[in-house]
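Keep in mind that the numbers below use all heavy atoms, side chains included, and drop hydrogens, waters and symmetry copies.
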Amino acid sequence: MHPLLEMARNRIVIFDGAMGTVLMASGLGPGESPELWNIEKPSLVMKIHRQYYEAGAQVVHTNTFGANQFKLADRGLSDKMRLLNMEAAKIARKACPEGKFVAGDLGPTGKLLKPIGDLSAEAAEDGYHKQADALFKGGVDLISIETMFSLEEALCALRGAKKLGNVLVSVSLTYNRTKKGFFTMMGEGVEKAVSTLEGAGADIIGANCTLGSKDMIELTKELRAATTCPILIQPNAGQPKTRSGITTYKQTPSEFASDAKQIRAAGANMIGGCCGTNAEFIRELARAVA
Amino acid sequence: MADIIKQIYNAVVEGKVEEASSAVQDALNSGLEADEILNKSLISAMDLVGQRFGEGEIFIPQVLWSAKAMQAAMDLLKPHFTSSRSKDVGKVVIGTARGDIHDIGKNLVAIMLEGAGFQVIDLGVDVEPEGFVEKAIEEKADVIAVSALLTTTMQSMGDVVSLVKERNLPSVKVIIGGAPVDGAFCEEIGADAYGIDAMDGVRKVKELLSR
């Protein structure tokens with residue numbers, strides 16, 4: 001058994017928080033590519049990883065959310081795909097203490113698959129395969145597919161990663177809460193998504209982004225009812241709450257952490273943070289659910 | 001005559017691109033006015049699609065197919081609109097707010113606006129307020145549309161509004177959208193409108209331009 005799954009059998013596993021919003025807070029300018037910092041400012045990226053490990057994370061994600069060849073092409077960086085992913089993996093590996101883990105992050109292509117869009121499933125799968133390969137060459141322990149709003153695209157990433165052989169892959173979709181329940185943007189419900197992903201060999205099933213920690217409690221219950229796989233939940237922070245029709249306000253780390261307790265009680269095995277979270281959120285989270 | 005209108009309406013609602021095109025071609029051949037086809041079938045079809053989407057009965061793929069059918073129909077109709085009607089209903093500069101890289105919602109709105117006949121200039125993600133305003137001036141756009149997912153990035157929407165006022169561009173309307181945006185926030189920053197979802201955004205843009 002993969003040592004991460006073994007850890008998850010015995011305890012709640014803490015994942016890291018956001019990378020993108022933290023990089024912005026560290027001076028990443030508008031229009032700059034976060035992935036480029038893997039070669040331009042590696043020590044800064046490493047510092048962020050270290051802060052998450054020190055805050056109590058057992059797993060951090062590489063700074064490669066947008067480092068697939070399709071997204072990079074939009075920035076004119078597709079020739080750097082392999083380099084950016086390998087370097088990102090090396091940076092995280094170097095920051096990673098003994099006994100902890102590095103997850104190679106795969107994010108959406110930003111394109112729609114055929115026939116609605118122009119990208120073929122084969123091309124998407126191949127692109128993800130190459131990205132996952134570069135991440136493993138750089139030293140990651142597992143692949144973490146995140147923020148997928150299309151089940152079909154998530155499957156492309158899963159198949160692409162699994163082509164490398166017996167590697168551990170987590171697949172996390174992003175759900176919207178509608179009047180009729182939780183659905184991906186493309187209209188896939190929880191049960192269908194989970195059974196499809198499990199059938200295709202996903203080792204960890206998750207949900208991240210879009211929803212804040214409150215909504216994630218409910219979603220976790222539904223995921224738990226649908227699967228026996230380990231569940232990874234990474235809510236956003238900074239989602240607004242409307243009180244009597246006015247005021248939006250930012251969620252504090254301790255509010256986030258208290259929701260995380262309920263997410264754990266609802267059946268999550270692994271919890272981290274998505275957009276808007278930082279090391280402080282992860283520290284409170286680790287304290288609350290440990 | 002009513003049949004062919006109904007046929008176009010159904011093809012757009014069901015997102016059947018080729019059927020929509022051929023029915024529109026038939027309608028034009030039979031002597032129907034382009035304006036009539038637009039008003040009696042296409043617009044009401046997209047309204048129904050928007051309503052179903054809002055109710056959670058259909059999802060993005062269905063909406064996109066309907067938008068594609070609408071677009072195909074519009075391509076056929078455009079050369080036939082009477083001169084009193086401008087060929088483009090309006091020009092929109094769109095992008096996500098400074099610091100925000102979440103572009104799903106923005107992309108949807110862009111597609112839906114195009115489907116509704118607008119000319120859309122997509123500035124992509126993480127756009128500075130100056131970027132929106134300068135492009136709007138350069139392109140003589142009617143509307144600036146800003147999208148944000150995070151409470152931290154939505155603040156820059158206010159900067160876009162201020163900059164439009166500073167540059168004295170009363171003809172340029174600002175519409176905002178995204179999960180954290182609500183009526184109170186829209187009012188607070190003085191934006192002209194906000195969209196609850198993609199369809200509502202398109203509706204609001206139409207309203208802004210018909211004033």
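Highest contact tally toward chain A, considering only B:Lys68, B:Glu188, B:Glu187, is held by B:Lys68 [criterion: heavy-atom pairs under 4.5 Å]. In terms of heavy-atom pairs under 4.5 angstrom with chain B, the leader among A:Gly110, A:Pro115, A:Pro108, A:Ser150 is A:Pro115.
Evaluation of the salt bridge (charged side-chain N to carboxylate O under 4.0 Å, His left out) rule for B:Glu130 yields no partner, not counting sequence neighbours.
Proximity to chain A involves both the backbone and the side chain of B:Glu57, based on heavy atoms less than 4.5 angstrom apart. The contact between A:Met185 and chain B is made by backbone and side chain atoms together, counting heavy-atom distances below 4.5 Å.
Partner A:Asn38 forms a side-chain hydrogen bond (donor to acceptor under 3.5 Å, both in side chains) with one of A:Asn63, A:Thr64, A:Thr62 and no other, that one being A:Asn63. A side-chain contact (heavy atoms from CB on, under 4.5 Å) with A:Gln251 holds for exactly one of A:Asp259, A:Thr277, A:Asn236; it is A:Asp259.
Aromatic pair B:Phe59/A:Phe183: ring centres closer than 6.0 Å.
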